[in-house]
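Here is how names work: the chains are called A, B, and so on, in the same order as the sequence lines, proteins then strands, and each is numbered from 1. Because the structure is a prediction, the values reported are computed rather than measured.
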Amino acid sequence: MKLFKRKVYISIAALFLIFAIAVYGNIAAQPITLHLGVMAGSVWDVPESDSYSLLDQAIEEFEKQHPYVKISYQSGIRPEDYKEYLAEQIIMDEIPDVLFLTTDILSVMAENGTLKKLNSFIKHDHMDLDMYYATSLEQGMMTSNYYALPYESVPKLMFVNKSLLEKEHIEMPNDDWTWDDFYHICQSVTKDSNSDGIIDQFGFYNYQWEDAVYSNGVQIYDEVLNEVDLADQRIIEATEFMRKLVALHSEKVTSAMFDKGLVAFCPMNYSAYRTYMPYPWRVKKYSGFEWDCIAMPSGPQGDNISQIDTLMLGMSSKSKHQKLAWEFMKYLSSNKEFQTKLVTSSQGVSVLKEVMRSQDVMDALKVDNPGNSTFELHVLDEIMESGIAIHQTEDYEQIMQALTAQMDSLLESDQDIENALIVLQRQINHLLQR
Amino acid sequence: MNMTLSSKECMHITFRFLAFFSFVQALFISGCIYVTSDMLLSTRQAYDFIEKVNHIPIAYYKVPVYVILSFLLLCVIMKLHSILKETVISILSILAIEFAICIFLMWSISFTANTILLFVIANMMVLTRQRGNKGLSLLIMILLYLATNYDIISHIIPISDYRYYLSVYSTNASSLLSSINSILTTSCMITFLLFMLFLIQDQYNESKEIRSLNNELQNLNDQLKEYADDREKMGETKERNRLAREIHDTLGHTLTGLSTGLEACKALIDKNSDAAKKQLDILSKVAKDGLKDVRRSVKKLRPDTLENHSLKEALESTIEDFVRTTGVIVHFICHLETFKFQADEEEAIYRIIQEGTTNAVRHGKASEIFISFGMDHDILIIIVEDNGIGCDNIQEGFGLHHMKERVALLNGNVRCYGTNGFVLIVELPLREEERHD
């Protein structure tokens, strides 16, 4: 009787095991489907008509190369809903194998282990990382680990109101212009043009303190040490320059003034330039004046450095087909043909140096631009080389909030800049250490 | 007896409670995870939540299912544990399986509670009988229990704290939920402690009972010993009686006859010396017969070494056995015409050969032994010689001493030399008249 009972229990345990193996085997026998997390439209906050067509071509090509693989994605997720969509997928444990990432999503998902570290894949494939722009690649790194491959970058450029400069008989600045050039132009265009006692023409709109800091060759936040160094001489210089610049405007410049063509300069993303410069958007926006883009002005110790934002591709750490997911990511990120198609039909800059240096790509881009745009596209390569990547981690967001809250009053008052910055630095570092 | 029963019962009741509390706690936590996640999804707060948590191990809707399934599986394995035979390997492997299931269960609830391990420990304490196994398993489980604490394990595997789930709710609601969890944890702890208390009590009772049984057994043993002593004494008396009877029957009979015969002779010798001589002849025959009877009696009392065989057969079989067991080559040379001796002599010879060969191997490490029998007039000469290491300074052990004594009783002597191998020479004078008997 006892023996019989023992047999019964052993067979129950064995059945459990067989059942588990059978279920696993059944799953393994299905054709492989890779899920892709992608948003509809442009992540760069510009209109885009057919955002999936390029991706569909890539998928078709990849599926041709890997016959047993199907790649699927959920369409129609707007960029503003994308974060929420990914978070829901995480909670339901259905995170896509490959997902598009912006820098803020990347920092969250790298920290909570959703993303797979790519170091071993890169090492295994002996991947030549020099083919990427260092800034684009760096954006996918957290604490010296690779979490994402770059897909498409967008540098910050300076929008110039050509009509306004012409009216004031000022020559269009070169791509290696400096803060001094910037200041002098702003100074000379800021005036009361119709002599009604109110200043109605302005130098700049939306040029931020951090734009000045970065173009003076310095970063605000050290991720490794987890602290800010605001007492740096270059930051002090940038702050002094900003105070001079802000002093030119006696009243607040709004976006409406900019749209009406009353402002000479405004930082603008390359994506906006790509969207609004060609027909038909050209007619719909900024139709009252001629405009163009140039590099950001350089500080005395820096260069014409822009902030570069990058859209990236990451892999789920729970993906069951990591090898394939990696192959697909690599295809999107480093395939020259695909990247060439991307740069000509999308609003970003390719992350591959070779693509951006190819004459064919330059010619194709030029076709889109109207004849009177003088922006030299080869400058993009220089901007990409010298640009900096900002990791929008939670800490960074916190720092910027604390800084902007106090920077306005510092720029508008005549407080001692160095002292004020040291106090601010102490406050922020204290906040970071908590 | 009543006491033992009640502590055992209490143990079983607390064990059930422990199972209940640990299961309810796991279920409660999985329920919280399920409901909270579901609410996050429906109110579109998922990203805010994801920003805070460290890691989401599994899909939220699978958590309660995993908890229930793994708890059921754990119960089946525990049942298996109670049926299987107890060996160190079976205990450790069952324990490993149980622990793996527990880890899975705890992992699905983000290691918020590890009280399920207390349940497993309790089960193991009941089922493991051997003290050594019990100690080892208890040590392992306690270490695991400590290691699976959230604060420790969260450094090893990426998991997210249950508190993040609670942070979604209002302060009141979250403190209510976390206090329910604490109450369940505390209940598990208390039931576990009570369980251990009853277990100790039970074991104490059991060992007390064993001790009293042991005492009883000791008493019985003593009685048995006394009884055995009595039996031995009785045997001795019986044997003595037999001897007395034997002596009485043989010697008594003969001596009585002799003494009366001799008395008659005394009276006759003067009157009729011829008749007296005749009478003495008769008496002499009676004495010889009596002696034969005595011999027969003594033979009956002899140990059975040579009883069933002749000396020659006995020697041959001993040597054969010896050769077979030790692998030594034995040469047996006999220069005698007959091989018949008196019983006491036979026994002495037999012992000498036995002792001599044994010594040659044991002390001399010999590989070849020569045994020869020869006669010099009426003296039997036995030589046992070997090719072993010999011995410069002969230390007389018990065997040799005993042999000398035995030979001396028969008026013989023993000599031995250890310079070139070991040589043992025994001279044994044989009793002439009996040889031709």
Side-chain angles (χ1 to χ4, degrees), chain A residues 1-20 23 37 39 77-95 99 101-117 316-318 392-398, chain B residues 33-63 65-66 69-70 72-86 90 93-94 97-98 100-101 104 108 110 154 156-161 164-165 168:
Chain A
M1 190 60 197
K2 208 169 176 188
L3 197 76
F4 174 72
K5 254 171 117 181
R6 187 187 297 183
K7 269 185 186 163
V8 167
Y9 281 107
I10 289 177
S11 17
I12 289 174
L15 272 177
F16 248 104
L17 199 73
I18 291 169
F19 179 70
V23 168
M39 54 198 116
I77 303 153
R78 290 173 301 170
E80 58 268 33
D81 295 334
Y82 186 62
K83 277 181 189 180
E84 184 65 26
Y85 162 76
L86 286 182
E88 284 168 6
Q89 299 302 304
I90 291 175
I91 288 177
M92 292 191 288
D93 198 23
E94 284 165 10
I95 186 88
L99 44 154
L101 299 163
T102 55
T103 166
D104 53 340
I105 298 179
L106 176 105
S107 74
V108 168
M109 303 220 165
E111 240 164 75
N112 70 17
T114 306
L115 292 180
K116 172 94 187 154
K117 279 182 199 166
S316 158
S317 58
K318 289 192 176 173
Q392 284 175 5
T393 59
E394 243 181 289
D395 285 334
Y396 180 79
E397 299 286 337
Q398 224 181 351
Chain B
I33 291 175
Y34 181 88
V35 172
T36 312
S37 304
D38 195 49
M39 191 198 78
L40 286 170
L41 292 182
S42 59
T43 54
R44 301 186 65 77
Q45 295 180 56
Y47 189 75
D48 295 339
F49 177 70
I50 289 297
E51 264 186 315
K52 274 183 274 172
V53 296
N54 303 328
H55 190 69
I56 304 280
I58 39 177
Y60 73 100
Y61 53 85
K62 287 182 189 161
V63 175
V65 181
Y66 282 8
L69 279 185
S70 48
L72 287 179
L73 186 62
L74 192 64
C75 290
V76 170
I77 297 285
M78 279 180 173
K79 197 74 204 166
L80 199 67
H81 189 167
S82 71
I83 292 168
L84 275 185
K85 226 169 83 187
E86 177 177 338
S90 80
S93 48
I94 283 273
I97 295 171
E98 286 176 352
I101 298 169
F104 179 73
S108 15
S110 297
S154 58
I156 305 164
I157 17 182
I159 41 171
S160 49
D161 196 334
Y164 289 128
Y165 285 94
V168 177

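- Interface residue B:Y61: only side-chain heavy atoms are found under 4.5 Å from chain A.
- The distance from atom OG of B:S37 to atom CD of A:E88, rounded to the nearest 0.5 Å, is 11.5 Å.
- Note: A:M92 CE to B:I58 CD1 = 15.0 Å, rounded to the nearest 0.5 Å.
- Here salt bridge (Lys or Arg N to Asp or Glu O under 4.0 Å) pairs that include residues 103-115 of chain A, with residues two or more places apart or in two chains, are A:K83-A:D104.
- A 6.0 Å sphere centred on NZ of A:K318 holds more than 12 heavy atoms belonging to other residues, nucleotides or ligands.
- With rounding to the nearest 0.5 angstrom, the OH atom of B:Y47 is 9.0 Å from the CD1 atom of A:I90.
- In terms of heavy-atom pairs under 4.5 angstrom with chain A, the leader among B:Q45, B:K52, B:R44, B:E51 is B:R44.
- Contact annotation for A:I95: neither backbone nor side-chain heavy atoms come within less than 4.5 Å of a heavy atom of chain B.
- Heavy-atom distances place no part of A:L86 under 4.5 Å from chain B, backbone and side chain included.
- Of all non-hydrogen atoms in A:E84 and B:L40, the two that sit nearest each other are OE2-O, 4.4 Å.
- Contact detail for A:A87 and B:I50: the closest heavy-atom pair is CB-CG1, 3.5 Å.
- Interface remark: A:I91 contributes backbone and side-chain atoms alike to the contact with chain B (heavy atom separation under 4.5 Å).
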